[in-house]
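Every heavy atom of this structure was used, including side-chain atoms; hydrogens, water molecules and symmetry mates were not. We're numbering straight along the sequence, starting at 1.
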Amino acid sequence: MISPLAYVDPSAKIGKNVTVHPFAYIDKNVEIGDDNVIMPYASLMSGTRMGNGNKVYQGAVVAAVPQDFAYTGEDTLAYIGNNNVIRENAVIIRGTHAGHATSVGDGNFIMTGARLSHDVEVGNHCIIGNGSQVSGNCIIQDCAILTSNVLMQGNTRLGSYSLVQGGCRFIKDIPPYIVAAHEPIVFYSINTKVLELAGFSETLIKHIAQAYRILYKANTSQHDALLRIQEQVPNSPEIERIIEFVKTSKLGIIH
């Protein structure tokens, strides 16, 4: 159902069983799939590409114009996958340059007042907490959690299943499966509770903990620590992911 009190540009492509509440705004160059709900005063701006089963709450803005001095008015995109919740006053900014886009995967929960800036990549089943600010070109991998009022500086990465405690800010990468906390931000612990809830075995969690003891507690170089992890920790896709994340970090990882 599309309310007659909503504005929907005639060129917008709207799927089946979509509810658009009064005073919502759907711009030109917008494509949304089936079973979406657009609440009052939500805005889907030009460049929105939305899948199925999403719910966009009051005051949220999808595909806002980039807050980037490099932006020159090109038609860029913001991709939103399936079954995401975008709560009140959240803002998702589209890509800066033609051929670039901001992308949000499936099953994410983007809370009130959160912002995803230009060219951000968010995986699947992530939580972006109330008021958290994600700067341009950041990558948030699957099942990661930013709690409230986190500041994620540009070009940083947050690894899968990691959690950043409220009010933290970081300018380096945070590797997978950990909790990051304090100011300045540091490695705090393994994200054990979330890993258990996700079905990680007790043995695998112990192996992840062993890898991070070597990386953070062995008092050796990062290069040597990675070699020790390969030699001493039983191999698994999760251990390989840790090693690959650290090796490919351009900004370095948090201490």
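- For the atom pair Ser46 OG and Ile26 CD1, the distance stands at 13.0 Å (nearest 0.5 Å).
- Put simply, CG on Asp142 and CG on Asp106 are 9.5 Å apart, with the number rounded to the nearest 0.5 Å.
- Closest non-hydrogen pair, Thr147 versus Val164, comes out as OG1-O, 2.6 Å.
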Intermediate values then yes/no, side chain to side chain donor-acceptor pair (under 3.5 Å), Asn17 and Asp34: CA-CA 6 Å; Asn17 194 36; Asp34 303 335; over 6 Å; no

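- Of all heavy-atom pairs spanning Ser132 and Ser148, the tightest one is OG-C, 3.7 Å.
- Between the Ser162 side chain and the Tyr177 main chain, a donor and an acceptor come within less than 3.5 Å of each other.
- Remark: Ile205 CD1 is packed, more than 12 non-hydrogen atoms of other residues, nucleotides or ligands lying under 6.0 Å away.
- Residues passing the side-chain contact (heavy atoms from CB on, under 4.5 Å) test with Lys247, sequence neighbours excluded: Leu226, Gln230, Ile243.
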Criterion side-chain contact (heavy atoms from CB on, under 4.5 Å) on His207 and Glu238, from CA distance to verdict: CA-CA 9 Å; His207 293 166; Glu238 291 74 19; over 6 Å; no

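- Residues Arg115 and Ser135 are in side-chain contact: their nearest non-hydrogen atoms beyond the backbone lie under 4.5 Å apart.
- Transitive grouping of hydrophobic side chains (ILVMFWY, heavy atoms separated by less than 4.5 Å) keeps Ile140 and Leu151 in distinct clusters.
- Taking 4.5 Å as the limit, some side-chain heavy atom of Ile178 sits within range of a side-chain heavy atom of Ile254.
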Steps toward side-chain contact (heavy atoms from CB on, under 4.5 Å) verdict (Val30, Lys13): CA-CA 6 Å; Val30 168; Lys13 298 179 180 179; over 6 Å; no

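- A distance of 8.0 Å separates SG in Cys138 from CD in Gln153, rounded to the nearest 0.5 Å.
- Tyr25 and Val8 are assigned to two separate hydrophobic clusters, defined by single-linkage of ILVMFWY side chains at heavy-atom distances under 4.5 Å.
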Test side-chain contact (heavy atoms from CB on, under 4.5 Å) applied to Thr156 and Phe170, step by step: CA-CA 8 Å; Thr156 52; Phe170 58 100; 3.8 Å; yes

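- In this structure, the ring of His182 has its center less than 6.0 angstrom from the ring center of Tyr188.
- The backbone N or O of Met111 sits nowhere less than 3.5 Å from a side-chain atom of Asn130 that would complete a donor-acceptor pair.
- In this structure, Gln141 and Ile139 have side chains that are in contact, with non-hydrogen atoms separated by less than 4.5 Å.
- Remark: the Asn54 side chain and the Asn36 side chain contain an N/O donor-acceptor pair separated by less than 3.5 Å.
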Criterion side-chain contact (heavy atoms from CB on, under 4.5 Å) on Val104 and Asn84, from CA distance to verdict: CA-CA 9 Å; Val104 176; Asn84 296 287; 3.9 Å; yes

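- Taken from OG in Ser117 to CD1 in Ile92, the straight-line distance is 11.5 Å, to the nearest 0.5 Å.
- At a threshold of 4.5 Å between non-hydrogen side-chain atoms, the residues Val246 and Leu215 count as touching.
- Expressed to the nearest 0.5 Å, how far CD1 of Ile239 lies from CG of Leu204 amounts to 6.5 Å.
- Scanning all heavy atoms of the two residues, the minimum distance from Ile174 to Ala180 falls at CD1-CB, 3.8 Å.
- For the residue pair Asn149 / Arg169, no side-chain donor-acceptor distance below 3.5 Å is found, with atom types taken as modelled.
- Val233 and Leu195 fall within the same hydrophobic cluster, where Ile, Leu, Val, Met, Phe, Trp and Tyr residues are linked whenever their side-chain heavy atoms come under 4.5 Å apart, directly or through other members.
- Scanning both residues, Ile190 and Val179, for their nearest heavy atoms gives O-CG2, 4.2 Å.
- Annotation for Glu183: atom CD counts as buried by contact number, over 12 foreign heavy atoms lying within 6.0 Å.
- Put simply, the side chain of Val18 does not reach to within 4.5 Å of the side chain of Asp35, judged on heavy atoms.
- Ile128 and Val61 fall into different hydrophobic clusters, where Ile, Leu, Val, Met, Phe, Trp and Tyr residues are linked whenever their side-chain heavy atoms come under 4.5 Å apart, directly or through other members.
- Taking each heavy atom of Gln165 and Val150 in turn, the nearest pair found is O-CG2, 3.6 Å.
- Note: Tyr216 and Tyr212 have parallel aromatic rings, judged against thresholds of 30 and 60 degrees for the angle between ring planes.
- The closest side-chain heavy-atom distance from Met50 to Glu31 is not below 4.5 Å.
- When hydrophobic residues (I, L, V, M, F, W, Y) are linked wherever their side-chain heavy atoms come within less than 4.5 Å, the members clustered with Tyr71 are Val65.
- Rounding to the nearest 0.5 Å places OG1 of Thr19 at 9.5 Å from CE of Met39.
- Residues passing the side-chain contact (heavy atoms from CB on, under 4.5 Å) test with His125 are Cys143, sequence neighbours excluded.
- Checking side-chain atoms of Asp9 against main-chain N and O of Asp27 turns up no donor-acceptor pair under 3.5 Å.
- When each of Val37, Val56, Ile38 is checked for a side chain to side chain contact (heavy atoms under 4.5 Å, CB included) with His21, only Val37 meets the rule.
- Under a 4.5 Å side-chain heavy-atom criterion applied to ILVMFWY residues, the cluster that includes Met1 comprises that residue alone.
- Contact check for Thr248 versus Glu244: side-chain heavy atoms found under the 4.5 Å cut-off.
- Asp119 and Thr96 are linked by a side-chain donor-acceptor pair at a separation below 3.5 angstrom, with hydrogens and angles left out of the test.
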Let me check something: any side-chain donor-acceptor pairs from residues 75-83 under 3.5 Å, sequence neighbours excluded? List them with distances.
| from | atom 1 | to | atom 2 | distance (Å) |
| --- | --- | --- | --- | --- |
| Thr76 | OG1 | Arg94 | NH1 | 2.9 |
| Thr76 | OG1 | Gly95 | O | 2.5 |
| Asn82 | OD1 | Asn52 | N | 2.7 |

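- Comment: Arg157 engages Asp173 in a salt bridge, judged by a side-chain N to carboxylate O separation of less than 4.0 angstrom.
- Placement of Met45 and Val120 in two distinct hydrophobic clusters is found when ILVMFWY residues are connected by side-chain heavy-atom separations under 4.5 Å, directly or transitively.
- Taking a 4.5 Å side-chain heavy-atom cut-off between Ile, Leu, Val, Met, Phe, Trp and Tyr, the cluster of Leu5 extends to Phe23, Tyr41.
- Between Gln232 and Gln210, some side-chain heavy-atom pair lies under the 4.5 Å cut-off.
- Scanning all heavy atoms of the two residues, the minimum distance from Leu158 to Ala144 falls at CD2-CB, 3.6 Å.
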